[in-house]
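Data first, discussion second: the structure below is written as structure tokens.
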Protein chains: 2
Amino acid sequence: MRILGIDPGSHITGYGIIEKKGNYFRHILHGEIKPKKDSPLSATLIYVYQQLSAVISETAPQAIALENIFYGKNVRSLIKQAQVRGVVIFAGADKGLNVFEYSPLEIKKAVVGYGRAEKRQVQVMVKAILKLPELPPADAADALATAICHANFLKENPI
Amino acid sequence: MRILGIDPGSHITGYGIIEKKGNYFRHILHGEIKPKKDSPLSATLIYVYQQLSAVISETAPQAIALENIFYGKNVRSLIKQAQVRGVVIFAGADKGLNVFEYSPLEIKKAVVGYGRAEKRQVQVMVKAILKLPELPPADAADALATAICHANFLKENPI
């Protein structure tokens, strides 16, 4: 089963694709979508949609996993993140993929073993689990962790 | 100039198209997009995108106007609204349309004359300005008011 994990952000959107065969994980691809910092919202949304569509075409995942949106940040960046997230969910669903959602706690537990892990620990564990040659960048690591989380839990109800 | 006003909501998304020729407004179409209340988020986003795309194809507007997102509501519904809004902006921008944003204050001033008007007053004034046979439903009236606001102000910088 091939899973695309996505970490949509108000600025950077991380993504990571893994494959699970039995108890074995294979790393397929990861990366970060970085719209220009000063680009208008509409250009950002189109850019994220196009990049993500290309990743989906190239890697043909069977499901998408996302982190629940994080409530603790300031409202402006929360709104921007949610707007990007809407387009991310649309891009996947429009291609017929089910989208599943996990809490940060579930995702960290899945890769680090406990829910209050630091970003760096997530990067280190994702590198180890997927036998990567180097640490993935933070947002791509979160996306890969989300994909690993879905591979382990396989929730039944898509959003 | 033909303008599509949109009022994206966590549940209902209102839309309204007007045309401005000189100082004269012509009403083209209005309506509300109402995804099923219990439909999953991904289905809601696809439904809003498809309905809105059909409206754009049918009415061929030259610009889109939106209200700034409203901060005062609870975070859950704010996030849902922002996710819908992201897809709404994407749907318009992807068709090459510029998207402009106005504050609730600017929109109410444009149709009622002062910024703290009630929803009902907006409906009544929109009906009068556009010579409609009956009151438009609240979310469609807000969308028409937003289109009227853009017709009057014609901001230069799209989002």
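Each chain gets a letter, A, B and so on, in the order its sequence line appears, and its residues count up from 1.
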(request) Quick one: do A:V75 and B:L78 satisfy side-chain contact (heavy atoms from CB on, under 4.5 Å)? Show the steps, please. (result) CA-CA 9 Å; A:V75 179; B:L78 180 73; 3.8 Å; yes
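B:I17 is connected to B:V48 through a chain of hydrophobic side-chain contacts under 4.5 Å among Ile, Leu, Val, Met, Phe, Trp and Tyr, so both are in one cluster. Note on B:Y47 and B:V55: same hydrophobic cluster, where clusters join Ile, Leu, Val, Met, Phe, Trp and Tyr whose side-chain heavy atoms are under 4.5 Å apart, directly or indirectly. Residues B:I64 and B:I33 share a hydrophobic cluster, clusters being chains of Ile/Leu/Val/Met/Phe/Trp/Tyr side chains in contact below 4.5 Å.
Closest approach of A:V87 and B:F90 over heavy atoms only: CG2-CB, 3.7 Å. When every heavy atom of A:I159 is checked against every heavy atom of B:P40, the shortest pair comes out as C-CB, 3.5 Å.
Rounding to the nearest 0.5 Å gives a distance of 9.0 Å between CD of A:Q83 and CD of B:Q81.
Contacts with chain B were tallied for A:D94, A:T44, A:I79; A:I79 has the most, counting heavy-atom pairs under 4.5 Å. Contact count against chain A (heavy-atom pairs under 4.5 Å) is highest for B:R85 among B:R85, B:K80, B:Q50.
Side-chain contact between B:S42 and A:I89 is present, with heavy atoms from C-beta onward closer than 4.5 Å.
Around atom NZ of A:K20, more than 12 heavy atoms belonging to other residues, nucleotides or ligands sit under 6.0 Å away. Counting non-hydrogen atoms of neighbouring residues, nucleotides and ligands closer than 6.0 angstrom, the OH atom of A:Y114 exceeds 12 such neighbours. No more than 12 heavy atoms of other residues, nucleotides or ligands lie within 6.0 Å of NZ in B:K109, so this atom counts as exposed by the packing criterion.
Heavy-atom distances place the side chain of A:I69, and not its backbone, under 4.5 Å from chain B.
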